[in-house]
Amino acid sequence: MVFLFKSFAENSNIIIFVRMATKALFNTVVNWFIRQRIDQIQHFMDHPIDTQKGILFSQLFHAEDTEYGKKYGFNSISSYQDFKNKVPIVTYEEFEPYVERARQGHKDVSWPGYIKHFAKSSGTTNAKSKFIPISAESLEYCHLKAGKDMVSIYANNHPENQLFTNKNLRLGGSSELYADFNTKFGDLSAILIDNLPFWVEITTTPSKKVSLMGEWESKLNAIVSEVKNEDVGSILGVPSWMMVLLQRVLKETDVKNVSELWPNLEVFFHGGISFKPYKEQYKPIIGKDINYYEIYNASEGFFGIQDRSNSDEMLLMLDYGIFYEFIPMDQFHHSNPKVVSLEGVEVGKNYAMVITTNGGLWRYLIGDTVVFTSTSPFRIKITGRTKHYINAFGEELMITNVESALTKACQETNASVKDFTGAPIFMKENESGAHEWIFEFSEHPENLDLFTDIFDKHLKCINSDYEAKRYNNITLKKPVVHIARPNLFYCWLESKGKLGGQNKVPRLSNDREYIDPLLELNRV
């Protein structure tokens, strides 16, 4: 009997050793393979304009026999100026008829062949959804390629990494079949999960089955049940929803922080919303210093990856089959605004981004605004949305202004903001207007009036238009601030059926579409 136990123990140790050795070998091989991509990234960094010209004319050639290509004479375009003259800039609403035809199974609409996948995206929490075409080319050479690049860049910066020794925790959406047509639609994350190569699938958690569940609460419970027993080394997702998941994990496992549960956790790849409001909140949840890498991905394409440690700038990825154009925001509302290619951008200027993609989007106004921090190589920061700002009184208040002022107010009042939204209070008769805010705090300020004063003062310091409108309260009075009850924004999203995935409440709005229902719900 003793011999049997000894033999069993020895065999168990051998099995454990073999598994560890296999993991280590797998990690080494995968890291070597993905680092080969770095040379190609360096090439487009060194030759950005030539890379982008090649992308544009390759797209035009591929799509010249599509409905869209024939309508706008792609086969006669021989220069970027021709492209600008012949092909219009479009919003989703203007491009939607082509998307709908592709969804209904029509071939060669705006991209060669049939489109089988559509990423369902509201962009905001509007009832109307957008369906973004995901061609086989955009899936393979943009979205999936970017996922590999994200890891390649990290591995190159951190040669000691153990990403493939441990599991990657992902947080995805649901996928469902579009009624009556043989096309699938769902969150982009779900489409990607459904098409991942096997070697990625075996290194990620939760399982595909759980990742693609639809109903959020049931899905959350199932994810926690699976991931709490894994050895997680990296996490990937939207900061707000990942925080909900990690807090649930802590509650279910009764540990102080996730590092107790996952001691090998080394990096959080995050995107979808600004990380700035969440940065301090993640420290106690994680429980140790880890790496944070920002990515800029959307249903329409994958655009940027943080390529340096401890930096909030992202490298604009130029060889994903996306051709970029930019409209200076001071020209954006003009009837015939100036539009420039990458060759004409300037550092420090705020631009609306226009994209042409291998998913069949042509001069598509995505709705995001960016600023270039460098043109050698081209690095960017996201500054906001073309529609998500407050400019009811000429104050041109952008999300970057608000986040900076919030950081200052939180630091000086020992507060932490979990979620928020703001909107104008419009003038009535002889009464000045104002900005109205709802803040959901994870740590309440020691003094709300002081918090509001610091917030207001810092906005004046960094935005001269806001400062001018606040002068003597003539145009704008002091901000009106409300404290949200716990989980107000979560409950509001739940009431809209928009939990999980990329869904989020717009931080800024130029009307009261979002804030009025939230104020009403806050009173219940």
Side-chain angles (χ1 to χ4, degrees), residues 91-93 121-130 240 273-274 277 329 332-333 352 367-369 383-406 409 417-441 448-449 451-453 455-456 459-460 463 465-470 473-499 502-524:
T91 62
Y92 179 80
E93 289 73 19
S121 167
S122 59
T124 67
T125 51
N126 288 338
K128 182 180 175 64
S129 292
K130 297 187 294 185
S240 54
I273 59 175
S274 171
M329 281 306 291
F332 185 74
H333 295 290
D368 289 339
T369 60
T383 53
R385 299 279 295 171
T386 55
K387 292 182 180 179
H388 297 170
Y389 57 88
I390 304 178
N391 192 33
F393 312 98
E395 64 273 47
E396 293 283 358
L397 195 66
M398 304 297 290
I399 188 64
T400 48
N401 303 151
V402 177
E403 288 175 346
S404 177
L406 271 182
V417 172
K418 181 180 178 183
D419 225 329
F420 70 91
T421 195
I425 298 174
F426 295 102
M427 295 177 176
K428 291 181 180 178
E429 298 176 354
N430 296 322
E431 190 175 345
S432 299
H435 291 167
E436 190 165 18
W437 301 91
I438 306 178
F439 295 114
E440 184 176 331
F441 294 99
L448 183 62
D449 286 336
F451 175 92
T452 305
D453 287 340
F455 177 64
D456 182 40
L459 285 178
K460 292 176 188 175
N463 185 319
D465 291 320
Y466 178 84
E467 181 184 33
K469 302 304 179 292
R470 282 284 290 117
N473 295 327
I474 294 173
T475 304
L476 283 176
K477 294 184 293 186
K478 180 180 174 180
V480 176
V481 172
H482 305 273
I483 296 179
R485 62 176 172 81
N487 297 318
L488 173 69
F489 290 87
Y490 183 95
C491 293
W492 190 77
L493 286 168
E494 183 178 37
S495 72
K496 300 289 183 181
K498 292 181 177 292
L499 290 178
Q502 298 285 324
N503 295 304
K504 47 195 175 283
V505 179
R507 302 298 202 190
L508 304 176
S509 178
N510 214 33
D511 55 38
R512 300 184 61 82
E513 178 183 358
Y514 306 107
I515 202 166
D516 281 340
L518 280 161
L519 287 170
E520 184 64 33
L521 189 61
N522 203 39
R523 288 190 283 266
V524 175

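Hydrogens, waters and symmetry mates play no part in the numbers below; they use all other heavy atoms, side chains included.
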Heavy-atom donor-acceptor pair, [X] side chain to [Y] backbone, under 3.5 Å:
{"X": "S432", "Y": "N473", "value": "yes"}
{"X": "N522", "Y": "R485", "value": "yes"}
{"X": "R512", "Y": "A423", "value": "no"}

Check your understanding: What heavy-atom pair brings A392 and P424 nearest, and what distance separates the two atoms?
Key ->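 Scanning both residues completely, I find the closest heavy atoms to be CB-CB, 3.7 Å.
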From [atom1] ([X]) to [atom2] ([Y]), nearest 0.5 Å:
{"X": "W437", "Y": "I515", "atom1": "CH2", "atom2": "CD1", "result": "8.5 Å"}
{"X": "H435", "Y": "I425", "atom1": "NE2", "atom2": "CD1", "result": "9.0 Å"}
{"X": "E467", "Y": "E395", "atom1": "CD", "atom2": "CD", "result": "13.5 Å"}
{"X": "F455", "Y": "L459", "atom1": "CZ", "atom2": "CG", "result": "4.5 Å"}
{"X": "T475", "Y": "K469", "atom1": "OG1", "atom2": "NZ", "result": "6.5 Å"}
{"X": "D419", "Y": "L518", "atom1": "CG", "atom2": "CG", "result": "9.0 Å"}

Heavy-atom side-chain contact between [X] and [Y] under 4.5 Å:
{"X": "V417", "Y": "E440", "result": "no"}
{"X": "I399", "Y": "E403", "result": "yes"}
{"X": "F439", "Y": "T421", "result": "no"}
{"X": "I390", "Y": "M398", "result": "no"}
{"X": "P506", "Y": "E513", "result": "no"}
{"X": "F393", "Y": "D465", "result": "no"}
{"X": "L519", "Y": "H482", "result": "yes"}

Check your understanding: Do F441 and F420 make the cut of ring centroids closer than 6.0 angstrom?
Key -> no
**Study point:** Side-chain H-bond candidate by donor/acceptor type, N463 with N401, under 3.5 Å
**Key:** yes
Exercise for review: Could you tell me whether the side chains of T383 and T400 share a donor-acceptor contact shorter than 3.5 Å?
Suggested key: no
